[in-house]
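Reviewing the structure listed below.
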Amino acid sequence: MNVNISETKGFYKLSWLQRIGFGSGDFAQNLVFQTVMQYVSIFYTTVVGLRPETVAVMVFIPPVINIFGSMALGAFVDKHNPKWGKYRSYLIIGGVPLMAFAVLCFWNGFPGSTVYAFVTYIGLCLLYTVVSLPYGALFASLTRDGDEMTKLTSTRMVLANLGGFTVAFGIPTIVQSLSPTRTYNTSGDAHAWFITMTILALIGLVLLIFCFTQSKERIVMETDKTSEVKISDLWMEFIRNSQLRIVALFVFTAFALMSIYNAAGAYYMTYNVQASDYTGWFQGIGFLPAFIFMPLVPAIKKAIGKKQMFYVFLSVAILGMALLYVVSIVPALRSQIWIIMVAQFIKSTGIIVATGYMWALVPEVITYGEYTTGRRISGTVNAIIGIVFQLGMAIGLFIPNIVLGFVGFDKDNAVSQSALAQQGILWLVAVIPAMLLILAMFIISRYKLEDNVIDKINMEIEEKHLNKK
């Protein structure tokens, strides 16, 4: 039976309002996620006053808990159908407490309290999973159309990076403007952090509600198969779905390297470059390439292919990090802020496109699993992706704090650090992430679901559905 892809039930077209509406969920979540990635380490060490080693332990606890929590949540999401939608319900159910904890996490109401920091940070991370896991499954439920998925991925990544830019540039800028000391890395800046995060949390909640109103679930598991879902499906799917393992390993590596250099960025501009006033610009420029290149992804992918696009942009990122390293070790160049910004832009161009497009691979491996087993367990697959990205993020936040402790970072000095501490920060900004980029390039070379393969799989699945009717 020949099926015209444009007429097949699963290949839905999305309006621009729907694409932007769904992508607003990425914007909202990145107001929380990027704050943790970029500023949680420097906030807890310099504002709250915790030791780097203590922060290293703290950031590693949530993903360990989430190994089990995500397993249960993934199965729960696949088995249940809340009245507001199988997946989109969690944008509200989890979104409200998530934004509340985003404020509490950056409220220094109990100065220096390790217990309060641990409780609020762990709560924030767990609630983030309650939103992000079903949100990933929601993405895979909108359409099977590969071109639509590419357009939707580009749209959501532009909005995700707009959220990242809002955090990267906005947090140090707003905190410094509200702080009586005009800084962001002293204990006197605590109230300014609280006000800043309250503003971002309110914006995030409004965006999650907008995403909820514009998202329509269309490709979901048949109701009669939901009862078959078990927590053990997570391990079984990971074992039998070879392409899922590749994507999971790529996601883990990507989040580890991004977390490392993002966490080190504020330290780098403050202590290596001695230009803390430019921190917002440095971190913000890291998101600007998204607005230039992500809209071009559909054309780039069509011209050179999916895997070649990964190779090209991962190589660009390595080039940018090499340039950043060279600039940083030559005193005459390090004083030229514009060169540092150019290196940051080049590095970020490669990383944003490569790691942005990786989310388009998740629906593909969900479909591949559906093709081989007959069940579309989107929640379970996204639980796996959620586990590995949080583990990657935890490793990426753990390493900087361990390195800072090892090189003798002085958390009480808001201006300068030793030569060894500066070298450790430089390794975190450029060298270690570049090594992980090379690993990521090897991992993606093993991915086999080219566009023609996944289109054929989708067509065959839809033929089976039509033949059942």
Next item on the list: Give a yes or no answer on whether the side chain of N161 reaches the backbone of F287 with a donor-acceptor pair at less than 3.5 Å.
Entry: no
Item checked: Separation of D26 CG from Y135 OH (nearest 0.5 Å) -> 3.5 Å
Next item on the list: List the atom of R156, the atom of W359, and the distance in Å for their closest heavy-atom pair.
Entry: NH1-CB, 3.9 Å
Next item on the list: May I ask you to check whether F282 and Y268 place their ring centres under 6.0 Å from each other?
Entry: yes
Notebook entry, point to check: Which heavy-atom pair separates S276 from T270 by the least distance, and what is that distance?
Noted result: CB-OG1, 3.8 Å
Note to self: As a quick check of understanding, evaluate side chain to side chain contact (heavy atoms under 4.5 Å, CB included) for Y121 and I61, giving each step before the final call.
What the structure shows: CA-CA 10 Å; Y121 179 77; I61 293 175; over 6 Å; no
Notebook entry, point to check: How about Y357 and F313: are their ring centres within less than 6.0 Å of each other?
Noted result: no
Margin query: If you define the side chain from C-beta out and look only at heavy atoms, does anything of F398 sit under 4.5 Å from V55?
Written below: no
Check: I425 versus L404: any side-chain heavy-atom pair under 4.5 Å?
Finding: yes
Checklist line | Non-hydrogen atoms of Y39 and A266 that approach each other most closely | finding: CE2-CB, 4.2 Å
Item checked: Q214 (side chain) donor-acceptor with R19 (main chain) under 3.5 angstrom -> no
Margin query: For F139 together with F22, are the ring centres under 6.0 Å from each other?
Written below: yes
Check: Rounded to the nearest 0.5 Å, what separation is found between the CD1 atom of I246 and the CG atom of L361?
Finding: 10.5 Å
Notebook entry, point to check: Does some side-chain heavy atom of I203 sit less than 4.5 Å from a side-chain heavy atom of T166?
Noted result: no
Check: Are F345 and I292 close enough that some pair of their side-chain heavy atoms sits under 4.5 Å apart?
Finding: yes
Checklist line | I300 side, atom CD1; M309 side, atom CE - distance, nearest 0.5 Å | finding: 7.0 Å
Next item on the list: Identify the two heavy atoms, one from R334 and one from V273, that lie closest to each other, and give their separation to 0.1 Å.
Entry: O-CG1, 4.1 Å
Next item on the list: Measure across S418 and V407 and return the closest heavy-atom pair with its distance rounded to 0.1 Å.
Entry: OG-O, 4.0 Å
Next item on the list: Verify whether the ring centers belonging to F310 and F250 lie closer than 6.0 Å.
Entry: yes
Check: So, the side chain of K306 versus the backbone of K301: is there a donor-acceptor pair under 3.5 Å, distance only?
Finding: no
Next item on the list: Could you grab the distance from atom CE of M149 to atom CG of D451, nearest 0.5 Å is fine?
Entry: 13.0 Å
Item checked: Test applied, side-chain contact (heavy atoms from CB on, under 4.5 Å); reference residue, L98; option that passes from V130, T129, V32, L205 -> V32
Next item on the list: Please name the pair of heavy atoms, one in V36 and one in M393, separated by the smallest distance, quoted to 0.1 Å.
Entry: CG1-CE, 3.0 Å
Check: Got a second to check how far L138's CG is from L133's CG, nearest 0.5 Å?
Finding: 11.5 Å
